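Just so it is clear, the model here is predicted, and its values are computed rather than measured. Numbers restart at 1 for each chain; the letters A, B, ... are given by sequence-line order, proteins then strands.
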Number of protein chains: 2
Amino acid sequence: MARTGGTTRAATAAVDSLDFALDRGSPVPLYYQLAQQLEAAIEHGALAPGNLLGNEIDLSTRLGLSRPTVRQAIQSLVDKGLLVRRRGVGTQVVHSQVKRPLELSSLYDDLESAGQGPTTQVVRNEREPASPDVAAALGIAEGSEVIVLERLRLTHGQPVALLCNYLPATLLELDSARLESTGLYRMMRTAGITLHSAHQTIGARSATAEEAARLDEEEGAALLTMQRTAYDDTGRPVEYGTHIYRASRYAFDFQLLVRP
Amino acid sequence: MARTGGTTRAATAAVDSLDFALDRGSPVPLYYQLAQQLEAAIEHGALAPGNLLGNEIDLSTRLGLSRPTVRQAIQSLVDKGLLVRRRGVGTQVVHSQVKRPLELSSLYDDLESAGQGPTTQVVRNEREPASPDVAAALGIAEGSEVIVLERLRLTHGQPVALLCNYLPATLLELDSARLESTGLYRMMRTAGITLHSAHQTIGARSATAEEAARLDEEEGAALLTMQRTAYDDTGRPVEYGTHIYRASRYAFDFQLLVRP
DNA sequence: GAGTGGTCTAGACCACAAT
DNA sequence: TTGTGGTCTAGACCACTCG
């Protein structure tokens with residue numbers, strides 16, 4: 001029986017039949033344009049899991065790009081976990097049970113993007129002298145002025161989390177109204193603070209009577225706790241937070257990539 | 001007053017005074033050798049936080065390498081969060097409160113490297129037909145044979161966690177004795193299984209009477225829970241686990257990097 | 001042996017930041 | 001204006017996998 005396409009083998013270079021639109025006039029780097037279009041092709045199914053990408057040389061000549069440029073595009077998708085390279089074999093689309101490597105930022109402004117219609121109530125937004133542990137976490141002098149932020153997160157009108165954050169008072173102004181609509185991290189970004197890294201600790205404990213009351217739980221109910229210190233790209237701590245979540249209504253959910 | 005070095009400015013290229021030993025005969029890539037030595041210099045203080053690395057061109061000529069090679073070395077450290085590049089400014093060592101971006105693998109074989117002298121007892125190591133949810137998680141047919149593994153983790157003789165894992169029975173042989181000394185992931189790696197990614201969910205709940213008894217807690221005590229599905233680089237699920245941890249003795253602790 | 005990715009070179013021009 | 005990183009090119013050779 002005759003076959004028409006190049007699909008005789010189980011996995012063939014399906015890229016051959018794809019069109020890529022590269023705009024050399026664009027300020028967007030060529031490798032990035034290519035990476036985006038490859039990612040789109042994968043997500044949208046034009047490049048199916050297991051498909052070989054075809055060798056880099058051919059691809060680069062076909063696209064009118066140099067090989068390093070094509071490699072840079074491919075590498076960025078490998079880093080995202082969408083592609084796998086095997087020496088002597090080729091590059092294939094990951095046979096993805098693997099959902100798209102969820103933005104790690106979801107661990108930052110958690111529920112923000114969860115699409116559950118989360119709401120935030122700013123319960124407290126004041127300045128006060130730093131307590132010893134807050135000062136230690138932020139690397140500032142004890143008694144320095146810090147912004148104290150207390151927020152209640154709700155989904156479907158039900159409380160989910162109680163977030164308490166501390167920021168050096170000199171960093172920015174925090175308008176409560178905007179905080180409720182925009183989120184803390186977006187406000188910091190807007191203020192020119194570029195986040196670089198964060199250290200997090202996730203634990204659990206039983207709810208105290210007061211916590212239970214504020215979160216609409218029973219005393220002794222299991223709570224998830226998270227403490228986080230975030231740093232900007234100079235290594236300066238810019239935020240310290242201690243959060244508690246109702247374990248009955250929330251869990252941390254994320255993807256890990258194994259670095260080779 | 002005369003100064004000898006180039007240290008007049010606050011942050012100067014301290015790299016200039018460093019010696020790098022690059023071995024072109026080695027099978028280790030040059031960029032990797034350089035990256036390792038830079039990392040060592042940072043960790044060991046020869047390159048202090050805030051220090052500029054000095055421009056890439058000079059560095060490459062001084063080292064007898066091409067610029068792309070030097071860039072590749074630097075880029076790998078940027079990815080690790082140790083360096084920051086600023087266009088028009090230079091590359092500097094991150095002013096690190098930021099501890100070394102803990103191996104994410106610690107989230108896999110958690111306590112393994114925690115240096116607390118962890119012990120593992122294999123409580124159960126059998127084969128049985130897959131239950132519906134296990135079959136779903138591993139993407140195999142319900143009733144297929146799976147390996148069921150139950151382990152108890154102890155530190156200082158105290159139970160810390162109860163780990164329950166499921167693996168497709170065809171994947172490998174699991175020797176209980178070696179499991180206790182080597183760890184599950186190392187055994188999988190040895191069996192030629194290359195881990196690629198994992199999906200994790202961390203939550204909390206109160207201990208049942210049985211769980212409490214096995215973990216030496218009181219009934220109702222807060223427990224941390226973790227469910228994980230791990231995939232190899234073909235996207236095939238190779239392990240599913242549900243773990244519980246005593247919240248009074250364990251917390252997840254990790255570093256996040258914000259991707260630019 | 002043929003084909004693949006992995007590494008490396010020696011240039012070039014551009015965009016951005018600081019002065 | 002000067003210096004930095006960001007991007008890009010057109011080659012080259014090597015190491016590995018597979019048939």
When you look at Leu179(B) and Asp175(B), which way does the side chain to side chain contact (heavy atoms under 4.5 Å, CB included) test go after all the steps?
CA-CA 6 Å; Leu179(B) 258 176; Asp175(B) 177 55; over 6 Å; no
Once you apply a heavy-atom cut-off of 4.0 Å, does Ile57(B) come out as touching a base, just sugar-phosphate, or nothing?
nothing
For Arg86(B), which contact category applies under a 4.0 Å heavy-atom criterion: base, sugar-phosphate, or nothing?
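Touches sugar-phosphate only.
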For [Y], is there any backbone N or O sitting under 3.5 Å from a side-chain donor or acceptor partner on [X]?
{"X": "Arg127(A)", "Y": "Ala169(A)", "answer": "yes"}
{"X": "Asn165(A)", "Y": "Val148(A)", "answer": "no"}
{"X": "Asp232(B)", "Y": "Gly235(B)", "answer": "yes"}
{"X": "Glu145(B)", "Y": "Ala130(B)", "answer": "no"}

Hey, which of these two, Ile74(B) or Leu30(A), hits DNA chain D nearer its 5' end, going by closest nucleotide?
Ile74(B)
Report the residue (Gly88(A) or Val89(B)) whose heavy-atom-nearest nucleotide on DNA chain D is the more 5′ of the two.
Val89(B)
Rounded off to whole Å, could you give me the [atom1]-to-[atom2] distance for the [X] and [N] pair?
{"X": "Leu53(A)", "N": "dG3(C)", "atom1": "CG", "atom2": "C1'", "result": "15 Å"}
{"X": "Gln72(B)", "N": "dT7(D)", "atom1": "CD", "atom2": "P", "result": "15 Å"}
{"X": "Asp58(A)", "N": "dA2(C)", "atom1": "CG", "atom2": "P", "result": "17 Å"}
{"X": "Glu56(B)", "N": "dA15(C)", "atom1": "CD", "atom2": "C1'", "result": "14 Å"}
{"X": "Gln92(B)", "N": "dG3(D)", "atom1": "CD", "atom2": "P", "result": "19 Å"}
{"X": "Gln75(B)", "N": "dT7(C)", "atom1": "CD", "atom2": "P", "result": "14 Å"}
{"X": "Arg71(B)", "N": "dT9(C)", "atom1": "CZ", "atom2": "C1'", "result": "15 Å"}
{"X": "Leu34(A)", "N": "dT9(D)", "atom1": "CG", "atom2": "P", "result": "11 Å"}

Does the side chain of [X] get closer than 4.0 angstrom to OP1 or OP2 of [N] through an N or O atom?
{"X": "Arg24(A)", "N": "dT9(D)", "result": "yes"}
{"X": "Thr69(A)", "N": "dT9(D)", "result": "yes"}
{"X": "Thr91(B)", "N": "dT4(D)", "result": "no"}
{"X": "Asn55(B)", "N": "dG3(D)", "result": "no"}
{"X": "Tyr31(B)", "N": "dC8(C)", "result": "no"}
{"X": "Arg85(A)", "N": "dG6(C)", "result": "yes"}

Determine whether Glu56(B) and Ile74(B) make a side-chain contact, defined as any pair of heavy atoms from C-beta on separated by less than 4.5 Å.
yes
Pairwise side-chain contact, Tyr31(A) with Arg71(A), heavy-atom cut-off 4.5 Å (strictly under):
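Counting from C-beta outward, Tyr31(A) and Arg71(A) never come under 4.5 Å.
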Between Arg85(A) and Gln75(A), do the side chains contain a donor N or O and an acceptor N or O under 3.5 Å apart?
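Yes, a side-chain donor-acceptor pair sits under 3.5 Å.
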Side chains of Tyr231(B) and Glu239(B): donor-acceptor distance under 3.5 Å anywhere?
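Short answer, no.
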For the residue pair Ser176(A) and Asn125(A), what are the closest heavy atoms and their distance?
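Answer, listing the atom of Ser176(A) first, then Asn125(A): OG-ND2, 3.0 Å.
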Which protein N or O atoms sit under 3.5 Å from an N or O of nucleotides 10-14 of chain C?
{"residue": "dA12(C)", "atom": "N6", "partner": "Arg67(B)", "partner atom": "NH1", "Å": "3.2"}

Between the axis at one end of the helix from dG1(C)-dC18(D) to dA18(C)-dT1(D) and the axis at the other (five pairs apiece), what's the angle to 10 degrees?
20°
